[in-house]
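So the structure is just underneath, and the comments pick up after that.
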Amino acid sequence: MPRTEIREVFIAGLKNAHAMENQALSIMKPQLKRIENYPEVAQRLDAHIRETDGQIVRLEEILDSLNEDKSTLKDVALSFTGSMAALGHTVAGDEILKNSFANFAFENYEAAAYKSLLVVAESGGYGAAMTGLRANLNEELAMAEWLNDNLVAVTEKFLSLRQVGETAKV
């Protein structure tokens, strides 16, 4: 593939990743505000929100180094869909579980996007971008692993709260 085509794919992927991270924030922030009975989840979500802010900065630095801007339209569109997804779970009696499932899926989606971007970066000779992309990938994988490792405990706590008549609020 000609280098110009690889650049186009790379730039599009970076802009998509930037929008994806904004979408992640629009999903996680409302969840964090609603969590009452799961302090361990709240703490990890809060930490990952800060990581996500850093991921956005890394992506902007890569785009800046390539004299490219983020896509404001993509950012707004995906942020809106993320907010709607988060809102959709608020009416569920098992909101914490639905959020846990969705977060796990989304973290793996993000990891896949970064794995792909790393291949494109390597193919196009964008070695300077690879450190930031690897950092983002590692943070997404760590969050996905945390969610995976804690799903049983969150589910058990949910059941326990329900059993004693608690509302099991997120």
Side-chain angles (χ1 to χ4, degrees), residues 6-35 38-89 95-96 98-151 154 170:
I6 292 175
R7 179 183 167 84
E8 288 175 21
V9 171
F10 190 52
I11 298 302
L14 291 168
K15 290 179 179 185
N16 289 340
H18 190 274
M20 172 184 73
E21 294 303 351
N22 278 290
Q23 181 180 23
L25 289 175
S26 71
I27 292 169
M28 291 185 293
K29 286 180 177 180
Q31 288 179 23
L32 183 60
K33 290 177 184 173
R34 294 182 47 79
I35 293 175
Y38 302 86
E40 62 287 349
V41 175
Q43 181 180 9
R44 187 60 181 103
L45 262 182
D46 185 54
H48 195 56
I49 287 169
R50 288 191 308 275
E51 288 174 342
T52 302
D53 287 333
Q55 292 168 5
I56 290 170
V57 168
R58 286 185 204 115
L59 290 166
E60 289 173 352
E61 288 171 350
I62 295 168
L63 285 165
D64 286 347
S65 76
L66 299 168
N67 295 316
E68 296 286 342
D69 291 321
K70 63 187 185 292
S71 173
T72 303
L73 179 61
K74 285 182 184 180
D75 286 353
V76 169
L78 287 182
S79 290
F80 176 76
T81 61
S83 295
M84 292 301 98
L87 182 63
H89 291 173
E95 180 180 357
I96 189 68
K98 285 185 172 46
N99 286 345
S100 295
F101 307 156
N103 291 346
F104 180 72
F106 199 78
E107 294 303 324
N108 281 285
Y109 174 84
E110 290 175 298
Y114 286 116
K115 286 180 183 181
S116 179
L117 271 171
L118 282 162
V119 171
V120 177
E122 187 172 2
S123 296
Y126 300 105
M130 293 181 72
T131 300
L133 294 174
R134 275 194 201 100
N136 287 11
L137 171 61
N138 290 336
E139 289 170 355
E140 300 303 355
L141 290 172
M143 183 62 177
E145 183 177 2
W146 187 92
L147 289 161
N148 184 58
D149 291 348
N150 287 275
L151 183 59
V154 168
V170 294

Item to complete: Could you check Leu45 against Asn103 for side-chain contact (heavy atoms from CB on, under 4.5 Å), going step by step and ending with a plain yes or no?
Response: CA-CA 10 Å; Leu45 262 182; Asn103 291 346; 4.3 Å; yes
Worksheet entry | Residues Glu68, Arg7: salt bridge by 4.0 Å N-O rule | yes
Worksheet item: Would Glu51 and Arg58 pass as an ion pair if we require N to O under 4.0 Å?
Response: no
Worksheet, complete the sentence: Heavy-atom nearest pair, Ser123 first then Ile6, reads O-CD1, 3.8 Å
Worksheet item: Considering all heavy atoms of both residues, which atom of Phe10 and which atom of Ala121 are nearest to each other, and what is their separation?
Response: CE1-CB, 3.6 Å
Practice prompt. Taking atom types as modelled, find out whether Glu139 and His48 have a side-chain donor-acceptor pair closer than 3.5 angstrom.
Written response: no
Worksheet item: Can any side-chain N or O of Ser100 pair as donor or acceptor with the backbone N or O of Ile96 at less than 3.5 Å?
Response: yes
Practice prompt. Kindly write out the residues that satisfy side-chain contact (heavy atoms from CB on, under 4.5 Å) with Lys29, not counting sequence neighbours, or none if the list is empty.
Written response: Leu25, Ile49
Practice prompt. Decide side-chain contact (heavy atoms from CB on, under 4.5 Å) for Tyr38 and Gln31; before the verdict, give the C-alpha distance in whole Å, the side-chain angles of both, and the deciding distance to 0.1 Å.
Written response: CA-CA 11 Å; Tyr38 302 86; Gln31 288 179 23; over 6 Å; no
Worksheet item: Would the number of heavy atoms belonging to other residues, nucleotides or ligands and lying under 6.0 Å from CD of Glu145 be above 12?
Response: no
Worksheet, complete the sentence: When every non-hydrogen atom of Leu137 is compared with those of Ala111, the smallest separation belongs to CD1-O, 3.4 Å
Worksheet item: Which value, rounded to the nearest 0.5 Å, describes the distance between Glu61 atom CD and Ile56 atom CD1?
Response: 12.5 Å
Discussion item. Using only atom types and a distance under 3.5 Å, with no angle test, would you say the side chain of Asn16 pairs donor to acceptor with the backbone of Ala12?
Written reply: yes
Worksheet entry | Distance in Å, Asn99 CG paired with Met28 CE, rounded so as to fall on 0.5 Å steps | 11.5 Å
Response to the item:
Interatomic distance, NZ@Lys115 vs CG@Leu117, rounded to 0.5 Å, equals 13.0 Å
Worksheet item: From Thr52 OG1 over to Leu59 CG, what is the distance, rounded to the nearest 0.5 angstrom?
Response: 10.5 Å
Fill in: Least distance between heavy atoms, Met20 atom then Tyr114 atom
CE-CE1, 3.8 Å
Discussion item. Donor-acceptor pair, distance only, cut-off 3.5 Å: does the side chain of Asn138 make one with the backbone of Arg134?
Written reply: yes
Fill in: Spatial distance of atom CG (Leu133) from atom OH (Tyr126) [nearest 0.5 Å]
12.5 Å
Worksheet entry | Exercise: do Gln55 and Glu140 side chains pair donor with acceptor under 3.5 Å | yes
Worksheet item: Which heavy atom in Phe101 sits nearest to a heavy atom in Leu151, and how many Å separate them?
Response: CE2-CD1, 3.9 Å
Worksheet item: CD/Gln43 to CD1/Ile35 distance, rounded to the nearest 0.5 angstrom?
Response: 11.0 Å
